[in-house]
Amino acid sequence: VQLQASGGGLVQAGGSLRLSCAASGRIFLSYAMGWFRRAPGKGREFVGGIASSGATDYVDSVKDRFIISRNNAKNTAYLQMNSLKPEDTAVYYCAATQYGTSRYYSSYQYWGQGTQVTVSS
């Protein structure tokens, strides 16, 4: 599985962005997808994930602001980010795992290249 993340950019606080993660391969629909981020000077942080069933999980800091979805027909996962804050500034990565949604980056076998999200105050 190869993953290609896109959609990052510069946005003002309170704005929105939608990240996409396009996956190659026929087995996308059986994989759970996760989104992680790495802010400057910090470690990789779980943002949220979506199981093959469509069930989602989010870190508390983004609940009610971010929405993860997937379109299995397009082999693509999405991270809709609303009400963005300066502290959301980070490089965002998508990842795939065959073992079900997990908050631990070591559970994911495949990673995209990352896309920069910058939120100005």
Side-chain angles (χ1 to χ4, degrees):
V1 176
Q2 292 185 325
L3 305 177
Q4 179 74 35
S6 61
L10 173 64
V11 64
Q12 288 188 331
S16 298
L17 279 176
R18 188 177 80 157
L19 305 185
S20 298
C21 178
S24 64
R26 299 173 295 172
I27 52 177
F28 172 80
L29 61 85
S30 65
Y31 275 54
M33 302 297 294
W35 288 95
F36 290 77
R37 64 187 179 187
R38 188 192 295 273
K42 296 187 178 181
R44 192 165 10 186
E45 177 190 28
F46 173 77
V47 175
I50 184 166
S52 57
S53 64
T56 54
D57 181 33
Y58 301 92
V59 69
D60 286 347
S61 61
V62 307
K63 278 181 181 177
D64 301 323
R65 298 190 299 123
F66 291 9
I67 301 171
I68 295 174
S69 61
R70 63 191 298 159
N71 184 327
N72 291 333
K74 294 185 176 181
N75 281 5
T76 302
Y78 304 95
L79 176 63
Q80 177 67 44
M81 304 185 293
N82 302 317
S83 302
L84 282 161
K85 304 175 181 180
E87 51 262 45
D88 295 318
T89 295
V91 177
Y92 283 71
Y93 300 88
C94 62
T97 176
Q98 59 185 315
Y99 299 120
T101 308
S102 171
R103 295 189 170 202
Y104 301 99
Y105 67 84
S106 59
S107 298
Y108 292 80
Q109 295 80 52
Y110 306 98
W111 289 84
Q113 83 287 6
T115 185
Q116 176 71 47
V117 172
T118 303
V119 185
S120 63
S121 57

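For this chain, numbers begin at 1 and follow the sequence in order.
Taking SG of Cys21 as the reference point, atom CH2 of Trp111 lies at 10.5 Å (rounded to 0.5 Å). For the atom pair CG of Asn75 and CG of Leu29, the computed distance is 7.5 Å after rounding to the nearest 0.5 Å. For the atom pair OH of Tyr110 and CG of Leu3, the computed distance is 9.5 Å after rounding to the nearest 0.5 Å.
For the pair Arg70 and Tyr31, the cation-pi criterion (under 6.0 Å, within 45° of the ring axis) is not fulfilled.
Of all heavy-atom pairs between Tyr58 and Ile67, the closest is OH-CA, 3.4 Å.
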For this session: Would you sort out whether Ser52 and Met33 count as a side-chain contact (heavy atoms from CB on, under 4.5 Å), showing the intermediate values?
Result: CA-CA 8 Å; Ser52 57; Met33 302 297 294; over 6 Å; no
For this session: Verify side-chain contact (heavy atoms from CB on, under 4.5 Å) between Asn71 and Tyr78, making sure each step is shown before the conclusion.
Result: CA-CA 8 Å; Asn71 184 327; Tyr78 304 95; 4.0 Å; yes
For this session: For the pair Leu79 and Arg18, evaluate side-chain contact (heavy atoms from CB on, under 4.5 Å) and give the outcome as yes or no after the intermediate values.
Result: CA-CA 6 Å; Leu79 176 63; Arg18 188 177 80 157; over 6 Å; no
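The backbone N or O of Gln4 sits nowhere less than 3.5 Å from a side-chain atom of Gln113 that would complete a donor-acceptor pair. A side-chain donor-acceptor contact under 3.5 Å links Thr76 to the backbone of Lys74.
For the side chain to side chain contact (heavy atoms under 4.5 Å, CB included) with Met81, the qualifying choice from Val11, Leu17, Asp88 is Leu17, the only one to do so.
Aromatic ring centres of Trp35 and Phe66 lie farther apart than the 6.0 Å criterion allows. Taking the six-membered ring for Trp and the full ring otherwise, Tyr93 and Tyr105 have centroids separated by 6.0 Å or more.
A side-chain donor from one of Ser16 and Asn82 sits under 3.5 Å from a side-chain acceptor of the other.
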